[in-house]
There are 2 protein chains.
Amino acid sequence: MAGRFVYAWPRPAVAVDAVVFGVLLGPSPSLEVLLIRRGLAPFAGRWALPGGFVGEDEDLEVAARRELAEETGLSGFYLEQLATYGRPGRDPRGHTVSVAWLALVRRLDHVPVGGTDAREAAWFPVEALPPLAFDHGEILAAGRERLRRRLRYSPIGFELLPPQFTLGELQALVELIDGAPADKRNFRRKVEASGVLVDTGLHRRGPQRPARLFSFDRARYDALEGRGFDL
Amino acid sequence: MAGRFVYAWPRPAVAVDAVVFGVLLGPSPSLEVLLIRRGLAPFAGRWALPGGFVGEDEDLEVAARRELAEETGLSGFYLEQLATYGRPGRDPRGHTVSVAWLALVRRLDHVPVGGTDAREAAWFPVEALPPLAFDHGEILAAGRERLRRRLRYSPIGFELLPPQFTLGELQALVELIDGAPADKRNFRRKVEASGVLVDTGLHRRGPQRPARLFSFDRARYDALEGRGFDL
DNA sequence: ACAAAAGTGTTCTAGTTACACCCATGG
DNA sequence: CCATGGGTGTAACTAGAACACTTTTGT
């Protein structure tokens, strides 16, 4: 079986890194990113995207989910591939090609992710990020941009909200991600017209007038074949 | 400096592959893809996307351009990253992670790309593709989909046309890529309103009434900051 | 003369925007 | 009773869709 490999070692190392977004609603809503603090060189002590090296014969998505589980305890979240970064020099240890992923989680399912071992994980508002290791700042910016665009024509926003949510929360989410305020009446008319929300009949009680709780109806969305949904 | 590498050999191999599109206009326009015929196992004799392994400390985009130059003689084309494929088993030689790229070329700049050595390269209409090696069929489909979507909100279509083109050619291109006929009057009104075309004053003479030649004005497009361009 | 593609306006519809007040609750 | 977010309709404007005939050239 000699000669079956086209080129020999050394080769670039292959890693995965994830930009994990979550939102915090309430009085001052914020879009947040989950970061881990590095214990080892290079960039020891610096904050970085969660991630790590891909194992032998390991699928890329499997590797991304594994690393997130190991480093932050997350599981069962939305995950899509973002882009791959391979500029020589981006990792001082040697040429490393990193496949970046976009992950969306329900923020409240993962309150302060306790750092039991050397690794510490924490949520940071995107408006107040620490300096990041490697080229992770660039990757994170690409993730934000992807999230913003994708929100327009696919229903991934619901991955960030609890299963039941008020229209005010949904609107706050949209405003958060594309950074611009939306007209309340027009917004409500549009989501109603989209036909993908169902009124649960329940209400959320708070310090003000109770708000109706809605949920996203995926079956109804799929039936529309993605036609014209945009939030 | 011992211990600086986090994990040791073996690692996945890293490759690049490109989906190269070109259009042939004229009486029966077609969208075509540039493929090469493999000389070596695995899949010897099968058609495949042009591509190859990434060199030590080689940038991914540089590797993609180098492989395309080596295998097809192309240079100076539009190139954007598509996605990365790393399913174990996708390459029978061993775990290979391939970064796929979307390339757009002016078809007439590269008429039958002569196969001087063992490698043979040829254009295939997307409607009549041969069976492809590896998972290249899947990658090609992703490239088509990306091209279709991207055409809507960025001016990459012009990368497929000659520097000067008629409105009929531009419309044929759009119809080709999204597979649906467009209304001639509405189409012309829209591109005129976009303000990104300049009338060169020249005409193309043919067997019928001569058509005005237009060119794409990138400076004017950039000034609009991508606002509302859609073809 | 004829075949073939170029070129040209109007009407209707649907979707998007702008805009302000009352309601229900907890404290 | 007050503060806070929840909830509601209408009119103007804009963008997109539908639609058919005349013009210019080569053969």
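Each chain gets a letter, A, B and so on, in the order its sequence line appears, and its residues count up from 1.
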Student check: side-chain heavy atoms of A:Asp217 and A:Leu197 closer than 4.5 Å: no
Under 4.0 Å protein heavy-atom contact, by nucleotide of nucleotides 19-27 of chain C - B base, S sugar-phosphate only: BB--BBBS-
Taking atom [atom2] of [N] as reference, at what distance in whole Å does atom [atom1] of [X] sit?
{"X": "B:His203", "N": "D:dT23", "atom1": "NE2", "atom2": "P", "answer": "17 Å"}
{"X": "A:Phe214", "N": "D:dG7", "atom1": "CZ", "atom2": "C1'", "answer": "10 Å"}
{"X": "B:Leu167", "N": "C:dG7", "atom1": "CG", "atom2": "C1'", "answer": "9 Å"}
{"X": "B:Lys190", "N": "C:dG9", "atom1": "NZ", "atom2": "C1'", "answer": "18 Å"}
{"X": "A:Phe165", "N": "D:dG6", "atom1": "CZ", "atom2": "P", "answer": "14 Å"}
{"X": "B:Leu213", "N": "C:dA6", "atom1": "CG", "atom2": "C1'", "answer": "12 Å"}
{"X": "A:Phe187", "N": "D:dG7", "atom1": "CZ", "atom2": "C1'", "answer": "14 Å"}

Any donor-acceptor pair under 3.5 Å from B:Glu169 side chain to B:Thr166 backbone: yes
Phosphate contact (D:dG7 OP1 or OP2) by A:Arg188 side-chain N/O below 4.0 Å: yes
Mutual orientation of the aromatic rings belonging to B:Phe124 and B:Trp47 [parallel < 30°, tilted 30-60°, perpendicular > 60°]: perpendicular
Pairs involving residues 17-33 of chain A, ordered by first then second residue, that meet salt bridge (Lys or Arg N to Asp or Glu O under 4.0 Å) (sequence neighbours left out): A:Glu32-A:Arg107
Salt-bridge contact A:Glu192-A:Arg189 (side-chain N to carboxylate O under 4.0 Å): no
NZ or CZ of B:Arg65 within 45° of B:Phe77 ring axis and under 6.0 Å: yes
